[in-house]
J.: 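Right, I'll just put the structure down here and ask away after.
Throughout, a chain's letter reflects where its sequence line sits, starting with A, and its residues are numbered from 1.
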There are 2 protein chains.
Amino acid sequence: MDALTIQEAAQTTEWSPRMLRYIERAGLIEPQRSQSGYRLYGPGELQRLRTLRELASRFGIGLAEIGFAMRLRRDEQLAEAVDAWFEAEPRRPEDVPPAEWLRWEQDKHTKLLALAAAATPATSRA
Amino acid sequence: MDALTIQEAAQTTEWSPRMLRYIERAGLIEPQRSQSGYRLYGPGELQRLRTLRELASRFGIGLAEIGFAMRLRRDEQLAEAVDAWFEAEPRRPEDVPPAEWLRWEQDKHTKLLALAAAATPATSRA
DNA sequence: ACAACCTTACCACGAGTGTGTCAAGGTTGT
DNA sequence: ACAACCTTGACACACTCGTGGTAAGGTTGT
């Protein structure tokens with residue numbers, strides 16, 4: 001079996017064994033296991049571990065972020081939802097024709113009441 | 001000006017004023033400011049704030065993650081690097097032709113030494 | 001059999017997240 | 001002028017992240 005145990009893998013990748021387990025728990029790199037449960041790191045995993053280190057240090061991002069990026073690739077719904085959020089770029093009032101769905105100028109007191117009613121923009125009865 | 005102050009915005013979006021400031025600090029939603037420095041939330045911001053809440057609670061993700069997603073859209077280099085990392089899917093030894101760049105079977109003692117030399121895969125002199 | 005390795009499960013600890021509250025001071029509407 | 005709002009900054013607290021240990025027990029090679 002051309003695979004390394006955790007300690008060996010740690011040395012070649014400059015992670016600590018502790019961190020390799022942590023990375024696994026984070027779902028980033030899950031090595032195969034031997035029959036007795038030992039982690040076995042193959043060339044692919046070693047490569048990814050090195051790149052991971054590079055990635056994290058070069059851009060100053062954490063494992064959690066990369067885990068999230070992974071989630072973004074796996075969870076189609078999540079990706080869509082996030083996309084949708086970014087799609088709705090903050091339009092300044094000037095860009096928005098003076099719709100009536102948010103207008104108040106003077107009636108400052110009833111404003112909030114009206115807003116509360118309109119709190120669900122396109123969801124409730126129009 | 002058809003924009004809400006922080007407290008009003010908080011009420012319509014079900015965030016607290018505190019959180020609106022926090023969200024701003026996180027770089028997610030940065031409202032315009034009045035001349036005197038008051039935050040002014042327009043319809044766009046309000047919409048995004050509501051969607052943000054939905055997004056966070058529905059998928060159980062934090063503001064930091066969404067901030068990272070934003071960074072992914074802005075920082076082309078980061079996006080590439082992350083892509084590259086995921087591209088290198090973990091190939092099992094079976095998928096990899098028995099290359100010589102990682103081979104040892106019996107020489108368990110010199111193994112680590114050899115590895116240390118090969119630690120920088122494609123970067124160093126080939 | 002014995003050392004050297006592996007496993008999981010804990011304790012610890014500084015930094016960051018998510019949230020509230022409070023203080024000191026500026027702005028605004030009536 | 002005064003109340004009600006806004007601003008930034010701080011203290012606080014529970015929780016997670018990224019790390020390191022250490023302990024109790026299984027595996028492996030010589």
J.: Using atom CD of Gln11(A) as one end and atom P of dC6(C) as the other, report the distance to the nearest whole Å.
T.: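 The distance from CD of Gln11(A) to P of dC6(C) comes to 9 Å, rounded to the nearest Å.
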J.: Taking for each residue the nucleotide of DNA chain D with the nearest heavy atom, is it Arg18(A) or Ser34(A) whose nucleotide lies nearer the 5' end?
T.: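 The answer here is Arg18(A).
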J.: Categorize Arg39(B) for me: base, sugar-phosphate, or nothing, with a 4.0 angstrom heavy-atom threshold over every strand shown.
T.: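 Answer is sugar-phosphate: Arg39(B) comes under 4.0 Å of backbone atoms only.
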J.: Please give, in whole Å, the distance from dT27(D) C1' to Gln7(A) CD?
T.: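 Going from CD in Gln7(A) over to C1' in dT27(D) covers 15 Å.
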J.: Rounding to an integer number of Å, can you tell me how far Leu63(B) CG sits from dT16(D) P?
T.: 15 Å
J.: I'd like to know if the side chain of Arg48(A) reaches the main chain of Ile29(A), judged simply by a donor and an acceptor atom lying under 3.5 Å from each other, with no hydrogens or angles considered.
T.: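 Answer holds: no.
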J.: Give a yes or no on whether Arg25(B) atom CZ has more than 12 heavy-atom contacts from other residues, nucleotides or ligands under 6.0 Å away.
T.: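 12 or below, so no.
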J.: Mapping Ser36(A) and Trp15(A) onto DNA chain D by nearest heavy atom, which one lands closer to the 5' end?
T.: Trp15(A)
J.: Please give, in whole Å, the distance from dG29(D) C1' to Glu8(A) CD?
T.: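 Atom-to-atom, Glu8(A) to dG29(D), this comes out as 13 Å.
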J.: Check this one for me: any side-chain N or O of Thr5(A) less than 4.0 Å away from OP1 or OP2 of dC5(C)?
T.: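 It does not, given that no N or O in the side chain of Thr5(A) lies less than 4.0 Å from OP1 or OP2 of dC5(C).
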J.: What's the shortest heavy-atom distance between Leu20(B) and Ala9(B), and which atoms?
T.: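 That closest heavy-atom pairing would be CD1-CB, 3.9 Å.
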J.: Take the protein atom CD of Glu24(A) and the nucleotide atom P of dG18(D), then report the distance between them rounded to whole Å.
T.: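 Result: 15 Å.
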J.: Given dT17(C), dT28(C), dG20(D), identify the nucleotide with an atom nearest to the side chain of Tyr22(B).
T.: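 It is dT17(C).
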J.: Tell me the interatomic distance from Arg21(B), atom CZ, to dG18(C), atom C1', rounded to whole angstroms.
T.: 15 Å
J.: Are side-chain heavy atoms of Trp85(A) and Leu28(B) found at a separation under 4.5 Å?
T.: yes
J.: Applying the Watson-Crick and G-U wobble criteria at under 3.5 Å, what pairs with dT8(C)? Answer none if nothing qualifies.
T.: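 Across all strands, the one nucleotide that pairs with dT8(C) is dA23(D).
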J.: Could you please name the option among dG20(C), dC6(D), dC6(C) that lies closest to any side-chain atom of Ser16(B)?
T.: dG20(C)
J.: Which nucleotide, in any strand shown, forms a Watson-Crick or G-U wobble pair with dG29(D), with both distances under 3.5 Å?
T.: dC2(C)
J.: What is the distance, rounded to the nearest whole Å, between atom CD1 of Ile61(B) and atom P of dC17(D)?
T.: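 After rounding, the reported distance stands at 14 Å.
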J.: Would you mind telling me which of dC6(D), dT8(D), dG18(D) lies closest to the side-chain atoms of Tyr38(B)?
T.: dC6(D)
J.: Would you classify Arg33(B) as touching base, sugar-phosphate or nothing, given that sugar-phosphate means primed atoms plus P, OP1 and OP2, and contacts are heavy atoms under 4.0 Å?
T.: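 Contact class for Arg33(B): sugar-phosphate only.
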J.: Run the salt-bridge test on Arg53(B) and Glu14(B) with the 4.0 Å N-O cut-off and return the result as yes or no.
T.: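 No, this pair does not count.
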J.: Whole Å only: how far is the CZ atom of Phe68(B) from the C1' atom of dC17(D)?
T.: 15 Å
